[in-house]
Structures are given as structure tokens and as C-alpha cells.
Peer 1: 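Encoded as C-alpha cells, here's the structure I'll be asking about.
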Amino acid sequence: MEKTMDKAIITVVGKDTVGIIAKVCTYLAENGVNVLDISQTIVSGYFNMMMIVDMAGAKKAFADISEEMEQLGGQIGVAIKCQREEIFEKMHRI
């Protein structure tokens, strides 16, 4: 039986500091979320990262992970948004 993927898009934006990627990825790993793709840039001291993740093995509900990621962003000084892939695609289809 083939395992299905439950993809989500995570964006992280804010002033660059040490450990942003480590803290976000540690949270995801501890909660059973697999990173499929990641892209990050730093422009004039501002950090921008976009991740595609598979939440099929997540230990918590999508809403809980999304809320906790937002809280984590507040703790580390960045804005973190988590959206289901299908919502992200529909928003950007226009």
C-alpha cells in the first residue's frame, strides 16, 4: 500500500539571526513532519525561507502544528506561516 503525502507550504520571514533553520527543522522533526524541499535566501539582513513538507506522519493535527509554528516564530523573531498545499495553489492560481 502506497503512503500518501499531505503536503504543506511553510514560509519564514524576518531579520536574520543564528539558528532560524535549526529551530524550525528541529520542531518539524520532533513532530514527525518531513521536509521535502527547502529554499532560503538572505537579502540585506532579512531572512526568507520556503519549505515544502509532508505532514502525513505528523504527530499532531495540522491546525496545532500551524499555531505552534506561529508561536515559535514569535519566540525567535520571525513570521512563520503554514498553509496546506492545495490552499496555497488555489491562492496563487489567479
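For clarity, every value in this text was computed on a predicted model and none was experimentally measured. Worth knowing before you read on, the calculation uses all heavy atoms, side chains too, and leaves out hydrogens, waters and symmetry mates.
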Peer 1: Test question: given the 4.5 Å side-chain rule for I, L, V, M, F, W and Y, name all other residues clustered with Val13, or answer none.
Peer 2: none
Peer 1: What is the distance from atom OG1 of Thr11 to atom CD of Gln83, rounded to the nearest 0.5 Å?
Peer 2: 6.5 Å
Peer 1: So do the side chains of Asn48 and Val12 get within less than 4.5 Å of each other, counting heavy atoms only?
Peer 2: no
Peer 1: Under 3.5 Å, which donor-acceptor pairs do the side chains of residues 33-46 form with other protein atoms, sequence neighbours left out?
Peer 2:
none

Peer 1: Indicate yes or no: at least one non-hydrogen side-chain atom of Arg84 is less than 4.5 angstrom from one of Ile9.
Peer 2: no
Peer 1: Measure across Ala8 and Met55 and return the closest heavy-atom pair with its distance rounded to 0.1 Å.
Peer 2: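 Looking at all heavy atoms of both residues, the shortest contact is CB-SD, 3.6 Å.
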Peer 1: Within the distance-only criterion (no hydrogens, no angle test), does the side chain of Asp54 pair as donor or acceptor with the backbone N or O of Asp6 below 3.5 angstrom?
Peer 2: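 Pair found, side chain donor or acceptor close to backbone of Asp6.
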Peer 1: Compile the donor-acceptor pairs under 3.5 Å between side chains in residues 60-77 and protein atoms, sequence neighbours left out, one pair per line.
Peer 2:
| from | atom 1 | to | atom 2 | distance (Å) |
| --- | --- | --- | --- | --- |
| Lys60 | NZ | Asn31 | OD1 | 3.4 |
| Lys60 | NZ | Glu68 | OE1 | 2.7 |
| Lys60 | NZ | Glu68 | OE2 | 3.1 |
| Glu67 | OE2 | Gln71 | NE2 | 3.4 |
| Glu68 | OE1 | Tyr27 | OH | 2.6 |

Peer 1: Quick one: does Lys81's side chain get under 4.5 Å of Ile10's, heavy atoms only?
Peer 2: no
Peer 1: Taking the side chain as every heavy atom from C-beta outward, state whether Phe47 and Ile21 have any atom pair closer than 4.5 Å.
Peer 2: yes
Peer 1: What heavy-atom pair brings Met51 and Cys25 nearest, and what distance separates the two atoms?
Peer 2: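 Result for this residue pair: CE-SG, 3.8 Å.
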Peer 1: For Met49 and Val78, what are the C-alpha separation, side-chain angles and deciding distance, and is it a side-chain contact (heavy atoms from CB on, under 4.5 Å)?
Peer 2: CA-CA 11 Å; Met49 178 169 65; Val78 296; over 6 Å; no
